[in-house]
Amino acid sequence: MPNAKPDPSAPSASEIPGSFLAHAETAGAHAHYRDHLRILGARWSQALGETRFDAVRLDAGELDYYFLDDQSPPWRPNPHFAQWVPGVDCAGSSLVVRNDGRATLFFLSAEDYWHQPPALPERIASALDVRVFKSAEALARGLREATGNGRVAQITRHAADDGAELNPEALIARIDWDRAQKTAWEQDCMIAATARAVRGHLAAARAWEHGRSEFDIALDYLEATGHTAAELPYHSIIACNDHAALLHYQHYDRASASPRRTLLIDAGAAALGYAADITRTHVAPDAPDATLFRALRDALDAEQQALMHHIRPGVRYLDLHEAAHRAVARILTEHDVLRCSAETAFARGLTRAFLPHGLGHLLGLQVHDVGGLQADRSGTRVAPPADYPSLRLTRTVEVNQVFTIEPGIYFIPMLLDGLRAGPDGALLNTTLVERLMPFGGIRIEDNVVVTADGVRNLTRSAFADAATSTLQDGRQHG
Ligand code: GLY
Ligand code: MN
Ligand code: MN
């Protein structure tokens, strides 16, 4: 236990995944899951028809091994398979979908005394046509018989079976395109994932306030979410002080930061394979120049929420990204980091040195979900503009898309050195920048679902719910 004294108000880890998983097995949730399967059936039927396939075989995937080793990295299913069979560890299984949308799960449940064989939850067993096989060989024979006739696609990391067409781009593009729109079932999973991540964020903030190290914070985060590290949708970024200037900082310092200035924590959670991706930036109250840095953090937080009002179906995500750069230009000029007008800071691209990543990305089964750079179902690619090469989402906003909104302001030495040495170097307040560098940077990241006339902010709702329940618990106990 990383905390010397357990927090009695913290939920027990075991109740966290359990509550949602138990809910997922209720009749109401079963109905949602069946609706989800119907939508998938219709999507695949259309995509197979358009690409003239009779059927597709989606392989869950096999365990990989490290080079010259008998140890495996954690197993992750093929996301095309996982969308049908969410949250089940079933390496070696496959799903066949026919062009009329009917699906059959070829489920491998091999007898084994080294590992526990997978089991199918009732929700899946009762909703899908399932054939259970006791060996990989029997399953392969069953698959060959089932897909023997007709033109078959196979989506897999491994070589295709004889006669199947391996990972046809035209088919995958159509499914990736559709996957951006989350079904009600998927949205429920993401709401649960968000609640789980928020518990982690609250525990992490407490640990940091108690002066604990990045490593200890990472452990508290796991405990509060009830996740193992391997179950997280991505490696948690727990960055104290100037580590916050490294966009994907990957280490956990065992020593506590001293003096304590910033905690930038970008950490998620999962529910039945669906991800939350949340970042918060905390500023220590008593660090030198904390008032200055907190003013920047608060300004970015306000601008991030203001951006939400611009999101609605039909808006281009690129326009939101540009609006974020205009907001960063306002903040940096109003706080005297850049000595020019906000218009000049934006027009001359100065904000790109402070915000080098994209405003956000699609979110779902993968933390950077697929299809963000597609213009249409057939896979025409819209690359990000040359000025914003890291932007992962160039699509037009549509109802039921789920994506992140994650503006940042960072003090990254190599980028600011470049700005200082360039033609606009004189516009940079280098004295102030030197004072801000030890804080690293700021990122505020929320996950939103697009509605008919705006967004539902999953992250802010989950933080508000957590605050309400803490208040109620306090009343009950106090
Ligand atoms: N956690 C990675 C990202 O925010 O994109
Ligand atoms: Mn993130
Ligand atoms: Mn993100």
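Quantities reported herein were computed from a predicted structural model and do not represent experimental measurements. Note that ligands are numbered from 1 as they come in the structure, with each ligand's atoms numbered from 1 the same way. These values consider heavy atoms only, across backbone and side chains, with no hydrogens, waters or symmetry-generated copies.
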Looking at [X] and [Y], does any basic side-chain N land under 4.0 Å from a carboxylate oxygen?
X    : Y    : result
R352 : D424 : no
D59  : R157 : no
D220 : R199 : no
R420 : E434 : yes

Any idea which atoms of ligand 1 are less than 4.0 Å away from a heavy-atom of [X]?
X    : value
H368 : 2 (C), 3 (C), 5 (O)
E445 : 4 (O)
D266 : 1 (N), 2 (C), 3 (C), 4 (O)

Backbone or side-chain N/O/S of E445 under 2.8 Å of the Mn ion (ligand 3):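 True for E445.
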Presence of N, O or S from H361 under 2.8 Å of the Mn ion (ligand 3):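 Yes - counting backbone and side chain alike, H361 has an N, O or S atom under 2.8 Å.
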Ligand 1 N/O within reach of [X] N/O, cut-off under 3.5 Å:
X    : value
T279 : no
H248 : no
R443 : no

R254 NZ/CZ over F215 ring centroid, <6.0 Å and within 45° of normal: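 Yes, R254 lies over the aromatic ring of F215.
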For the Mn ion (ligand 3), the closest N/O/S atom belonging to E406: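 Looking only at N, O and S atoms of E406, the one nearest the Mn ion (ligand 3) is named OE2.
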CA sep, side-chain torsions, deciding dist, call: Y252, H235, ring-ring contact (aromatic ring centres under 6.0 Å, His included): CA-CA 11 Å; Y252 298 130; H235 181 78; 5.1 Å; yes
Heteroatom N/O/S of D277 within less than 2.8 Å of the Mn ion (ligand 2):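 Checking the Mn ion (ligand 2) against D277, an N, O or S atom does fall under 2.8 Å.
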Donor-acceptor side-chain pairing of H158 and E62 below 3.5 angstrom: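 No - no donor-acceptor pair under 3.5 Å links their side chains.
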